[in-house]
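A short write-up of the structure that comes next.
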Amino acid sequence: MTDLSFINNKTVLVTGHTGFKGSWLSKILIKNNAKVIGYSLNPPTDPNLFSLAKIEDKMISITGDIRDYQKLFDVFKKYNPEYVIHLAAQPIVRFSYRDPKYTYETNVLGTVNVLECIRNTPSVKSFLNVTTDKVYFNDEKEDHLFTEEEKLDGFDPYSNSKSCSELVTHSYKSSFFSDDRVTISTARAGNVIGGGDFAADRIIPDCIRSLNKNEDILVRNPFSVRPYQHVLEPLFLYLKLLHLQRIDPSLQGSYNVGPDKDDILCTGDLVSLFIKKSNCEIKWINAYKKGEVHEASYLKLDNSKVKEKLGWKPTWNIEKTMEEIIKFNSVFIKQPNEIDLEMDREIDEFNK
């Protein structure tokens, strides 16, 4: 169980709070009596988890672009947060090929803006920048697990922009926060999956949409290997890290957050597990097309550092994760007005 009493009645600012991960994180914070301030664009999909769960009713939600420094700084000045978690991003690899300029502006300049706000806001004590497992230079070695000390050089504009975001964070830490007035870390999470994700170009939302239409699932890269994990895994770690690095500044750094090696699997196997747990008649179809934009074939994370330094370990394996996704989808189809209760149930079960 992760003790979250430290955020009771504390002001926590979350950028990107209307997205998939941001909605789940906001829900956790609200359940633990934090004063939650969110800064984000409008929810990126319709339907979306933020609206379905009526999260906005229980927090201060501000619509704004992370590239707008002055508006963001006005929020910092008004609410004086103590903890800041930066999730706002353009998160889709394939979209980053279509609009690299927007991707870099959002993911790099957005990080600069957040750190500038922190630099000029004395109330902030602890900051976490959430990047991605794709920040590493990936030479496609099948059995290689990336450690935090390896070279940062993501290939595509999304991954590369997140590598840049890491470097920006490290520079600000060294240049302006070496006295630990603000403790700072970055988290490189593996592929998060879970109920309430409605994004395009993500495998579980594609599976859900096909299931709900009783159609076969088109899988773009069935043999790509990824560190899939339930969305609650990294979110509870983010909060634990925010707290522990404040108590012990030596814990500041960069951390991989991913499943154990036995739960790293290829996308085709993930979809097969989804079909099995759904107990349905549909199948998946290899929809790979030669000449598609580059995406890494192999991506595996070494999670030993976060285990050793923070005493963390994965809670739900991939089988349990998929069962929870199927339960969530059933609620979405049959009782969509109870999505908030389903989120509460999952959070409580995960952190019992």
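These figures come from a predicted structure and were not determined experimentally.
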Donor-acceptor contact below 3.5 Å, side chain Asn351 vs main chain Thr2
yes
Not counting sequence neighbours, which residues clear ring pair (Phe, Tyr, Trp, His ring centres under 6.0 Å) with Phe223? List them please.
none
Could you name each residue pair satisfying side chain to side chain donor-acceptor pair (under 3.5 Å) that touches residues 306-316, not counting sequence neighbours?
Asp260-Lys307
Salt bridge check, Arg188 against Asp133: does any charged N sit closer than 4.0 Å to a carboxylate O?
no
In the hydrophobic clustering (ILVMFWY, side-chain contacts below 4.5 Å, transitive), which residues join Ile203, or is it alone?
Ile193, Ile204, Ile208, Leu211, Ile217, Val219, Tyr228, Leu265, Leu270, Val271, Leu273, Phe274, Ile275, Ile282, Trp284, Ile318, Met322, Ile325, Ile326
So, applying side chain to side chain donor-acceptor pair (under 3.5 Å) with Thr186, which one of Lys162, His86, Glu148, Glu166 is it?
Glu166
Starting from the C-alpha separation in whole Å, work towards a yes-or-no answer on side-chain contact (heavy atoms from CB on, under 4.5 Å) for Phe176 and Leu115.
CA-CA 10 Å; Phe176 306 113; Leu115 285 160; over 6 Å; no
For Leu235, the option from Val130, Leu25, Ile347 that meets side chain to side chain contact (heavy atoms under 4.5 Å, CB included):
Leu25
Taking Ile92's backbone N and O only, do any of them form a donor-acceptor pair with Gln90's side chain (distance below 3.5 Å, no angle check)?
yes
Only counting residues at least two apart or in another chain, list the ones meeting ring pair (Phe, Tyr, Trp, His ring centres under 6.0 Å) with Tyr79.
none
Return the set of residues passing ring pair (Phe, Tyr, Trp, His ring centres under 6.0 Å) with Tyr83 (not counting sequence neighbours), or none when no residue passes.
Phe6
Can you tell me if Lys35 has over 12 outside heavy atoms packed within less than 6.0 Å of its NZ?
no
Let's go through Asp340 and Lys54 carefully: what are the C-alpha distance in whole Å and the side-chain angles of both, what is the deciding distance for side-chain contact (heavy atoms from CB on, under 4.5 Å) to 0.1 Å, and is it a yes or a no?
CA-CA 7 Å; Asp340 59 331; Lys54 301 179 176 62; over 6 Å; no
For the CD atom on Gln70, are there more than 12 heavy atoms of other groups (residues, nucleotides or ligands in this structure) within a distance under 6.0 Å?
yes
Do the charged groups of Lys261 and Asp302 touch, with an N to O distance under 4.0 Å?
no
Glu349: salt bridge (charged side-chain N to carboxylate O under 4.0 Å, His left out) partners, not counting sequence neighbours
Lys320, Arg345
Locate the shortest heavy-atom distance separating Gly258 from Gln229; write the atom from each residue and the value.
CA-OE1, 3.5 Å
Can you see which heavy atom on Ile55 is nearest to which on Leu49, and at what distance?
CD1-O, 4.3 Å
Side-chain donor-acceptor contact under 3.5 Å, Ser159 with Asp156
yes
Does the distance from a Lys or Arg side-chain N to an Asp or Glu carboxylate O, for Lys300 and Glu142, drop under 4.0 Å?
no
Mind listing the closest non-hydrogen atom pair of Asn303 and Pro259 along with its distance?
ND2-O, 3.3 Å
Apply ring pair (Phe, Tyr, Trp, His ring centres under 6.0 Å) to Tyr136 and list each qualifying residue two or more places apart in sequence or on a separate chain.
Phe146
State which residues pass side-chain hydrogen bond (donor to acceptor under 3.5 Å, both in side chains) with Asn32; sequence neighbours excluded, sorted by chain then number.
none
Using only atom types and a distance under 3.5 Å, with no angle test, would you say the side chain of Thr121 pairs donor to acceptor with the backbone of Ser123?
no
Taking 4.0 angstrom as the limit, do Lys125 and Glu82 come out as a salt bridge?
no
Intermediate values then yes/no, ring pair (Phe, Tyr, Trp, His ring centres under 6.0 Å), Tyr158 and Tyr104:
CA-CA 8 Å; Tyr158 164 70; Tyr104 277 100; over 10 Å; no
Residues at least two apart in sequence or cross-chain that pass salt bridge (charged side-chain N to carboxylate O under 4.0 Å, His left out) with Lys173, listed by chain then number, are Asp180
Does Ser61 reach the main-chain N or O of Gly38 with its side chain, forming a donor-acceptor pair under 3.5 Å?
no
Is there a donor-acceptor pair closer than 3.5 Å between any side-chain N or O of Ser171 and the backbone N or O of Leu167?
no
Side-chain donor-acceptor contact under 3.5 Å, Thr18 with Ser40
yes
Would the number of heavy atoms belonging to other residues, nucleotides or ligands and lying under 6.0 Å from CG of Asp139 be above 12?
yes
Nearest heavy atoms of Thr321 and His230, plus distance in Å:
OG1-CB, 3.5 Å
Can you hop from Val124 to Leu251 via hydrophobic side chains spaced under 4.5 Å?
no
Mind checking side-chain hydrogen bond (donor to acceptor under 3.5 Å, both in side chains) for Arg226 and listing every partner two or more places apart, or none if nothing turns up?
none
So, Tyr39 versus His17, ring centres under 6.0 angstrom or not?
no
Tell me, with the steps shown, if Arg220 and Tyr288 meet side-chain contact (heavy atoms from CB on, under 4.5 Å).
CA-CA 5 Å; Arg220 192 175 64 248; Tyr288 173 77; 6.0 Å; no
Charged N to carboxylate O below 4.0 Å: is that the case for Lys327 and Glu346?
no
Donor-acceptor side-chain pairing of Asn48 and Ser51 below 3.5 angstrom:
yes
What verdict does the ring pair (Phe, Tyr, Trp, His ring centres under 6.0 Å) test give for His144 and Tyr298, after you've listed the backbone C-alpha separation in whole Å, the side-chain angles of each residue and the deciding distance to 0.1 Å?
CA-CA 8 Å; His144 182 68; Tyr298 300 101; over 10 Å; no
SB check Lys71 Asp65 (cutoff 4.0 Å)
no
Is it true that Lys101 and Glu105 make a salt bridge, defined as a side-chain N closer than 4.0 Å to a carboxylate O?
yes
All heavy atoms of Val331 vs all of Glu342, minimum pair found to be CG2-OE1, 3.8 Å
Is it true that Arg181 and Asp179 have a side-chain N and a carboxylate O under 4.0 angstrom from each other?
no
Thr45 side chain vs Pro47 backbone, donor-acceptor pair below 3.5 Å:
yes
Nearest 0.5 angstrom please: Leu145 CG to Ile264 CD1, how far?
5.0 Å
Sorted by chain and residue number, the side-chain hydrogen bond (donor to acceptor under 3.5 Å, both in side chains) partners of Lys352 (sequence neighbours excluded) come out as none
Show the nearest heavy-atom pair for residues Pro91 and Arg202, with the distance to one decimal.
CG-NH2, 3.6 Å
Test Tyr102 against Arg67 for side-chain contact (heavy atoms from CB on, under 4.5 Å), laying out the working first.
CA-CA 10 Å; Tyr102 174 78; Arg67 298 174 297 170; 3.5 Å; yes
Using distance alone, with no hydrogens and no angle criterion, decide if Gln245 and Ser185 have a side-chain donor and acceptor under 3.5 Å apart.
yes
Results of side-chain hydrogen bond (donor to acceptor under 3.5 Å, both in side chains) for Asp263 - residues two or more places apart only:
none
Would you say Asp201's side chain and Arg94's backbone share a donor-acceptor pair under 3.5 angstrom?
no
